[in-house]
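To start, the structure under review is shown below, and the notes come after it.
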Amino acid sequence: MAPPPRQLLLHLLLFLSLFGAARMGSVAAAGAGDREEGARALLTLLQRVQSEALRALGPHDFDPKLYVDLPLAPGADRAAAEAALASVGTREEMEAYVARYFDPAGSDLLAADPPDFQAEPRGFLPRVGAGEARAWALEVHALWKDLARQVAPAVAVRPDRHTLLPLPGRVVVPGSRFREVYYWDSYWVVRGLLVSKMYDTAKDIVLNLVYLVEEYGFVLNGARSYYTNRSQPPLLSSMVLELYTATGDLDLVRRSFPSLLKEHAFWVSEIHNIAIMDNDGCVHNLSRYQAMWNKPRPESATIDEELASKLNSTAAKEKLYHQIASAAETGWDFSSRWMSNPTDMTTLVTTFIIPVDLNTFIFKMERDIAVFAELIGEKATAEVFLQASKARHTAMETILWNSEMEQWLDYWLPIDGNQEVYKWESKSQNRNIFASNFVPLWLNAHNSGSGPFLDEAKSVGVMRSLHTSGLVYPAGIATSVSNTGQQWDFPNGWAPLQHLIVEGLMNSGSTEAKKFAEDVATSWVRTNYAAYKSTGAMHEKYDVEACGKSGGGGEYKSQTGFGWSNGVLLSFLEEFGWSQDKEIGCPS
């Protein structure tokens, strides 16, 4: 039987993406064998150090990531460090051991004053009046200097002594324990840098991610050797488009284009693609997350091993590790969204879920690639990707859209076996409420000249569904309505989700939706400001129940810095402005 037209389209996309790029054969393998062997040996040692450190130091305030971020100290020998670890027993011995054989975590990233930073650049936030709001915005703008780094030259010379990966340009890190570049964080960092008129730094960030695609065939979760087994929500094409729109840099488009084709091939490859037949017999293809890993995550190995200790067999543990790593690929690590039992993380089933937001991002990637192909004269490729985006649009509306709820819902596959083509069933839509159910609204703001994703009437229906969803709180939009203790659940609100939904509502064509969007953005700005004034920092996440309260939950302490929070704050101030007489503090 001939494959359905969508299957033919997928084959053509893969051919276009991989033509001349044979090195992607194994997407997780790149670089010289000796270099990789040395990096693996170092990571194995660091995981042993992590485990022994937990035993010696105890669980209180223990951060396992710290230990896999340690570079070998100059003159230290890895084999000697391996041998010496066997005699470490006490806290004092562990502290002395780490100090002898390793440099501090993060010391292989050097402070790098960005040359395009200006204390108050020309044209910065023209609609934010003088006063508290502007003074604070300038302080947040200045945080880019604190978060800017350059990978130390020694990392490229001796990669076997670092888990940090070499990158060609300057980087902006999220902050605190996140000492390296992260993929989807970078989109909102770029958005903020563009508000700050730091175009060169933003371009460096994009070209660093392009470099990762060239090396590995996809953008890694983060720029560490232990992240080479998974990606994160794919937003590279969106970064390229934002930069091109701001600067007209067509050379950047040309430079990035082959890597965007490679990345698209990764996300529609057989490990990610799922085929579902609708009730009319039409087959639709959508994508899922799936990490290439079935072991404990090195950066959280002690946590994963403790969780897996509840399971009896090696096979069951490997399945759990695979689901944990795949949940980390989603960017929502962790959430009841990925669990069949929201109170039990051993019930993660990430790879059996077709996520609304992932397919939103891939749809936009396909639209973006079509635009770029037109710009550089690749008209045939442009048409292929335009058709791909239309097919994904149809798939999302057929498989994920729920007209009764007026939301897009994640689709759950049966976990009792793989099928070449699944049969669509309405009961397989996850009717639980998550902020991700509304992320396709974002496509209103990015139609790439190919027509809107949804019309005004549908946008208004989705907006009203959001209004009554139980997600909207005084300090922003909650991630879910379930308080599970996971950080990507209630009561936490995250900057990216606020921005995706607000930007979509603003571009829906509805006055009512625009007013709602501005109300959400205003609440978010105020909670960021209040928390900043009380703590002196921007936070990774916020508690939407109360203005000025940072978020919590999850497997690590709440972090500050913070790249994407800064970027969204600056983007909201640019979009909505802030008049001099408008109160910036929490409403009384």
Assess whether a salt bridge exists between Arg48 and Glu52, defined as any Lys/Arg side-chain N lying under 4.0 Å from an Asp/Glu carboxylate O. no
What pair of heavy atoms forms the shortest contact from Gly192 to Ser571, and how long is it? N-OG, 4.3 Å
Is there a donor-acceptor pair under 3.5 Å between the side chain of Gln232 and the backbone N or O of Gly222? no
Contact check, side chains of Phe434 and Asp489, non-hydrogen atoms, under 4.5 Å: yes
Ser176 side chain vs Thr560 backbone, donor-acceptor pair below 3.5 Å: yes
Roughly how far, to the nearest 0.5 Å, is CG of Leu70 from OG of Ser107? 8.5 Å
Whether Arg230 engages the ring of Trp293 as a cation-pi pair (distance to the six-membered ring centre under 6.0 angstrom, angle to the ring normal within 45°) should be assessed. no
Are any side-chain N or O atoms of Thr228 and backbone N or O atoms of Ser225, one a donor and one an acceptor, separated by less than 3.5 Å? yes
Decide yes or no on side-chain contact (heavy atoms from CB on, under 4.5 Å) for Val206 and Leu236, but give the supporting numbers first. CA-CA 7 Å; Val206 170; Leu236 178 56; 4.1 Å; yes
Is a side-chain N or O of Gln487 found less than 3.5 angstrom from the main chain of Gly485, in a donor-acceptor match? no
Applying side-chain hydrogen bond (donor to acceptor under 3.5 Å, both in side chains) between Thr351 and each of Glu329, His322, Gln323, report the one that passes. Gln323
Stepwise salt bridge (Lys or Arg N to Asp or Glu O under 4.0 Å) check, Arg191 with Glu242: CA-CA 7 Å; Arg191 291 293 299 263; Glu242 292 294 339; 3.4 Å; yes
Atom CZ of Arg55: over 12 foreign heavy atoms under 6.0 Å: yes
Between Phe361 and Pro234 the two heavy atoms that sit nearest each other are CB-O, 3.6 Å
Name the residue from Val172, Val181, Val173 that meets the side chain to side chain contact (heavy atoms under 4.5 Å, CB included) definition with Val189. Val172
Got Leu413 and Ile274 here, is their nearest side-chain heavy-atom distance under 4.5 Å? yes
Please report the shortest heavy-atom distance between Leu109 and Leu164, naming the atom on each side. CG-CD2, 3.7 Å
If we count only N and O atoms by modelled type, under 3.5 Å, do the side chains of Asp69 and Tyr226 hold a donor and an acceptor together? yes
Evaluate salt bridge (Lys or Arg N to Asp or Glu O under 4.0 Å) for Asp63 paired with Lys557, printing each intermediate quantity in order. CA-CA 9 Å; Asp63 183 0; Lys557 287 186 173 182; over 6 Å; no
Below 6.0 angstrom between ring centroids: does that apply to Phe490 and Tyr473? yes
Main-chain N/O of His141 paired to Ser196 side chain as donor or acceptor, under 3.5 Å: no
Evaluate the side-chain contact (heavy atoms from CB on, under 4.5 Å) criterion for residues Leu400 and Leu286: first the C-alpha distance (whole Å), next the side-chain angles of each, then the deciding distance (0.1 Å), finally the verdict. CA-CA 10 Å; Leu400 307 179; Leu286 291 166; 4.2 Å; yes
Is a side-chain donor-acceptor pair under 3.5 Å present for Thr360 with Trp442? no
Strictly distance-based, threshold 3.5 Å: is any side-chain N or O of Ser436 a donor or acceptor partner for the main-chain N or O of Val356? no
Nearest-0.5 Å distance that lies between atom CG in Asp543 and atom OG in Ser550: 8.0 Å
Using every non-hydrogen atom in the two residues, find where Gln47 and Ala301 come nearest and quote the distance to one decimal. NE2-CB, 3.6 Å
For Asp108, is there any backbone N or O sitting under 3.5 Å from a side-chain donor or acceptor partner on Arg149? no
In terms of side-chain geometry, is the basic nitrogen of Glu37 or Arg78 positioned less than 4.0 Å from the acidic oxygen of its partner? no
The reported gap from CD in Gln150 to CG in Asp113 (rounded to nearest 0.5 angstrom) is 12.0 Å
Assess the pair Tyr67 and Phe62: is the distance between their ring centroids shorter than 6.0 Å? yes
Using side chain to side chain donor-acceptor pair (under 3.5 Å), reason through Ser238 and Lys364 one step at a time and then give a plain yes or no. CA-CA 8 Å; Ser238 294; Lys364 184 173 182 299; 2.9 Å; yes
Whether Asp160 and Arg158 form a salt bridge (side-chain N of Lys/Arg under 4.0 Å from carboxylate O of Asp/Glu) is what I want to check. yes
Would you confirm whether Ser326, through its side chain, and Ala291, through its main-chain N or O, come within 3.5 Å as a donor-acceptor pair? yes
Between Tyr227 and Tyr183, does any side-chain donor sit less than 3.5 Å from a side-chain acceptor? no
Would you check if the side chain of Ser335 reaches a backbone N or O of Trp332 as a donor-acceptor pair within less than 3.5 Å? no
Test His499 against Trp188 for side-chain contact (heavy atoms from CB on, under 4.5 Å), laying out the working first. CA-CA 9 Å; His499 186 259; Trp188 287 278; 3.1 Å; yes
Could you walk me through whether Lys541 and Trp488 pass the side-chain contact (heavy atoms from CB on, under 4.5 Å) test, one step at a time? CA-CA 9 Å; Lys541 54 188 177 280; Trp488 285 86; over 6 Å; no
Heavy-atom count check: over 12 atoms from other residues, nucleotides or ligands less than 6.0 Å from Glu306 CD? no
Quick check: closest heavy atoms across Gly548 and Ala530, and the distance to 0.1 Å? CA-CB, 3.5 Å
One thing to verify: whether Glu305 and Arg297 come together as a salt bridge, which I'm taking to mean a side-chain N less than 4.0 angstrom from a carboxylate O. no
Inspect the contact between Arg288 and Asp410 and indicate whether a charged nitrogen and a carboxylate oxygen are less than 4.0 angstrom apart. no
How close do Ala73 and Arg161 get, heavy atom to heavy atom, and via which atoms? O-NH2, 2.6 Å
Please check if any side-chain donor atom of Gln486 sits under 3.5 Å from a side-chain acceptor atom of Ser336, or the reverse. no
Please find out if less than 6.0 Å separates the ring center of Tyr289 from that of Trp267. yes
Quick one: OG1 on Thr527 to CD on Gln498, what's the gap to the nearest 0.5 Å? 9.5 Å
Does the ring centre of Phe178 sit less than 6.0 Å away from the ring centre of Tyr556? yes
Kindly say whether Ala142 contributes a backbone atom to a donor-acceptor pair with the side chain of Asp146 at under 3.5 angstrom? no
Measure up the Tyr542 and Trp524 rings against each other and bin them: parallel (under 30°), tilted (30 to 60°), perpendicular (over 60°). perpendicular
Quick check: do Met538 and Asn528 have side-chain heavy atoms less than 4.5 Å from each other? yes
Verdict with reasoning, Tyr422 to Tyr411, per side chain to side chain donor-acceptor pair (under 3.5 Å): CA-CA 11 Å; Tyr422 292 86; Tyr411 189 86; over 6 Å; no
Would the His539 and Tyr532 ring centres measure less than 6.0 Å apart? no
Does the side chain of Ser300 come under 3.5 Å of the side chain of Lys65 through a donor N or O and an acceptor N or O? no
Looking at the rings of Trp184 and Trp564, which for Trp means the six-membered one, are their centres under 6.0 Å apart? yes
Please determine if Glu95 and Arg91 form a salt bridge, counting it only when a charged side-chain N lies under 4.0 Å from a carboxylate O. yes
Salt bridge present between Arg177 and Glu299 (N-O < 4.0 angstrom): no
